[in-house]
Amino acid sequence: MKIIILLGFVHILFTVAPVRAAIKDTTLSVPSSVYFNVAYGADPKQVMDIYLPSGRSVNTTKLMFLVHGGSWSGGDKNGFKPYIDSLSRHLTDYAFVNLNYRLANATQNKFPAQENDVKAAMDFVIKKSAEYHVSQNVVLLGASAGAHLALLQAYKYSYPVKVKAVISFFGPSDFNYMYENPMFPQVPQLLELLLGGNPSNNKAAYEQSSPINFVTAQSCPSLLFQGGKDPLVNPKQSELLKDKLEKEGVPAKLVVYPNEGHGWRGPLLGDSFDKITTFLQENVP
């Protein structure tokens with residue numbers, strides 16, 4: 001029986017070449033542009049929407065990649081779409097890439113297909129940074145399963161670029177911990193479906209898919225949001241990650257909304273956007 005677990009499919013909250021030296025941008029004024037469903041691979045799910053602000057520059061306009069949630073088996077970039085305008089107003093010097101990735105099911109797209117897709121989408125845009133008139137300064141933001149993918153990309157890879165900062169909304173960081181301490185009984189079965197086994201018979205898969213295992217002193221600044229009453233992702237996941245980051249001397253901030261669950265709206269969401277703006281101004285000049 002197919003498991004349907006909307007871990008992070010949240011409608012109330014949003015979802016190669018080496019790095020080159022800064023490119024001289026002689027463009028005085030570039031109009032805003034939006035490109036929908038740009039393909040970065042052959043699969044129908046390997047598409048993204050690209051939001052480019054007016055007056056952008058390869059020297060000043062940073063890139064934020066948005067990664068939706070949905071248990072790695074559901075969800076869509078449209079979950080983040082209502083929040084692009086708010087993010088754009090807060091972060092006027094950013095372009096936004098809202099991406100889809102292949103979804104796992106019982107027979108196809110086992111992990112790390114999703115991990116590979118995030119990397120491929122980044123690679124596609126970075127290669128075209130001069131064409132899009134944007135820089136190669138990259139920030140990642142994700143919700144739930146998408147936050148897990150954002151964290152994994154940020155800590156595990158420095159190619160195609162080294163990520164400047166990562167923002168996680170209630171993202172799992174340690175799959176072993178998640179398997180052994182599930183918030184509801186179906187979590188272990190979900191992880192077995194995603195990873196093709198359990199921590200005993202497929203230890204490497206759990207280790208390689210856990211962002212916390214790739215945190216080093218060189219990891220990027222990290223902003224973590226967490227609902228204190230999250231019924232899906234144990235708040236301990238964010239606490240463990242913050243502790244590891246601080247141990248390595250990495251700038252890290254954990255924001256807990258004690259009475260919230262797996263997503264929030266209204267004034268608290270506005271507060272989240274304000275905190276994102278301040279954090280990025282301080283850590284990604």
Side-chain angles (χ1 to χ4, degrees), residues 7-8 10 13 67 69 72 111-112 115 118 138-158 162-184 187-188 190-191 194-195 198-200 203-264 268 271-272 274-284:
L7 177 59
V10 182
L13 176 67
V67 192
W72 306 274
F111 205 84
E115 174 185 345
V118 173
V138 168
V139 172
L140 287 165
L141 184 154
S144 195
H148 160 262
L149 295 173
L151 291 168
L152 194 61
Q153 178 67 37
Y155 301 151
K156 192 173 182 179
Y157 298 102
S158 58
K162 179 173 171 52
V163 174
K164 301 297 184 183
V166 62
I167 302 159
S168 166
F169 281 86
F170 37 84
S173 62
D174 187 333
F175 275 175
N176 278 290
Y177 186 92
M178 193 174 187
Y179 188 94
E180 299 295 339
N181 301 275
M183 295 297 285
F184 56 99
V187 165
L190 168 66
L191 291 177
L194 178 69
L195 299 176
N198 59 48
S200 296
K203 180 180 179 181
Y206 281 76
E207 291 180 347
Q208 289 296 308
S209 59
S210 294
I212 199 168
N213 293 335
F214 297 95
V215 171
T216 69
Q218 286 72 48
S219 294
C220 65
S222 305
L223 176 59
L224 315 175
F225 290 97
Q226 182 67 55
K229 296 181 178 179
D230 193 325
L232 300 176
V233 175
N234 193 326
K236 190 70 174 177
Q237 292 273 326
S238 293
E239 295 171 13
L240 290 170
L241 179 56
K242 179 178 182 288
D243 289 346
K244 180 69 176 292
L245 289 162
E246 289 184 337
K247 182 180 179 181
E248 294 292 341
V250 177
K253 182 178 179 63
L254 172 59
V255 178
V256 178
Y257 299 112
N259 296 318
E260 299 305 315
H262 203 67
W264 44 88
L268 287 183
D271 180 73
S272 298
D274 290 342
K275 285 182 167 57
I276 289 171
T277 302
T278 299
F279 184 82
L280 293 181
Q281 287 173 345
E282 293 173 349
N283 291 282
V284 188

Step-by-step side-chain contact (heavy atoms from CB on, under 4.5 Å) determination, Leu241 to Ser222: CA-CA 10 Å; Leu241 179 56; Ser222 305; 6.0 Å; no
Any side-chain heavy atom of Phe214 sitting closer than 4.5 Å to one from Gln208? yes
Can you check side-chain contact (heavy atoms from CB on, under 4.5 Å) on Asn283 and Lys164, steps first, answer last? CA-CA 8 Å; Asn283 291 282; Lys164 301 297 184 183; over 6 Å; no
For a quick test of reading the model, state the closest non-hydrogen atom pair linking Val284 to Ala165 and the distance between them. CG2-CB, 3.7 Å
List for me each residue that meets side chain to side chain contact (heavy atoms under 4.5 Å, CB included) alongside Asn181, sequence neighbours excluded, and say none if there are none. Tyr177
Whether Lys244 and Glu248 form a salt bridge (side-chain N of Lys/Arg under 4.0 Å from carboxylate O of Asp/Glu) is what I want to check. no
Search all heavy atoms of Gln153 against all heavy atoms of Glu115 and return the closest pair with its distance. OE1-O, 4.3 Å
Do Leu191 and Tyr206 come within less than 4.5 Å of each other through their side chains, counting heavy atoms only? yes
May I ask you to check whether Phe111 and Trp72 place their ring centers less than 6.0 Å from one another? no
Look up atom CG in Leu195 and atom NZ in Lys203, then write down how far apart they are to the nearest 0.5 Å. 15.0 Å
For the residue pair Ile167 and Leu280, establish whether any side-chain heavy-atom pair is separated by less than 4.5 Å. yes
Could you check whether Lys275 pairs with Asp271 (Lys NZ or Arg NE/NH1/NH2 to Asp/Glu carboxylate O, under 4.0 Å)? yes
Would you compute the distance between atom CG of Asn234 and atom CD of Gln226 and round it to the nearest 0.5 angstrom? 8.0 Å
For residues Leu254 and Ser238, report the shortest heavy-atom separation together with the two atoms involved. CD1-CB, 3.8 Å
Specify the closest pair of heavy atoms between Asp230 and Met183, including all atoms of both residues, with the distance to one decimal. O-CE, 3.2 Å
Is the number of heavy atoms from other residues, nucleotides or ligands within 6.0 Å of NZ (Lys253) greater than 12? no
Can you name the closest pair of heavy atoms from Ala147 and Gly142 and give their distance? CB-O, 3.2 Å
Would Val187 and Tyr179 count as a side-chain contact (heavy atoms from CB on, under 4.5 Å) here? Give the steps. CA-CA 7 Å; Val187 165; Tyr179 188 94; over 6 Å; no
Check: Val233 and His262 side chains under 4.5 Å, non-hydrogen atoms: yes
Short side-chain to backbone donor-acceptor contact, Ser210 and Asn213, under 3.5 Å: no
Could you check if a side-chain atom of Glu239 sits within less than 4.5 angstrom of a side-chain atom of Lys236, using non-hydrogen atoms only? yes
Side-chain (Gln237) to main-chain (Asp174) donor-acceptor, under 3.5 angstrom: yes
For residues Ala150 and Leu140, report the shortest heavy-atom separation together with the two atoms involved. O-CD1, 3.4 Å
With side chains defined as the heavy atoms from C-beta onward, is the minimum distance between Ser144 and Leu232 less than 4.5 Å? no
Can you check whether Gly171's main-chain N or O pairs, donor with acceptor, with Ser173's side chain at less than 3.5 Å? no
Any heavy-atom pair between the side chains of Phe169 and Leu141 that's under 4.5 Å? yes
Show, in sequence, the C-alpha distance, side-chain angles and deciding distance for Leu245 and Tyr155, and conclude whether the side-chain contact (heavy atoms from CB on, under 4.5 Å) test is met. CA-CA 11 Å; Leu245 289 162; Tyr155 301 151; 3.6 Å; yes
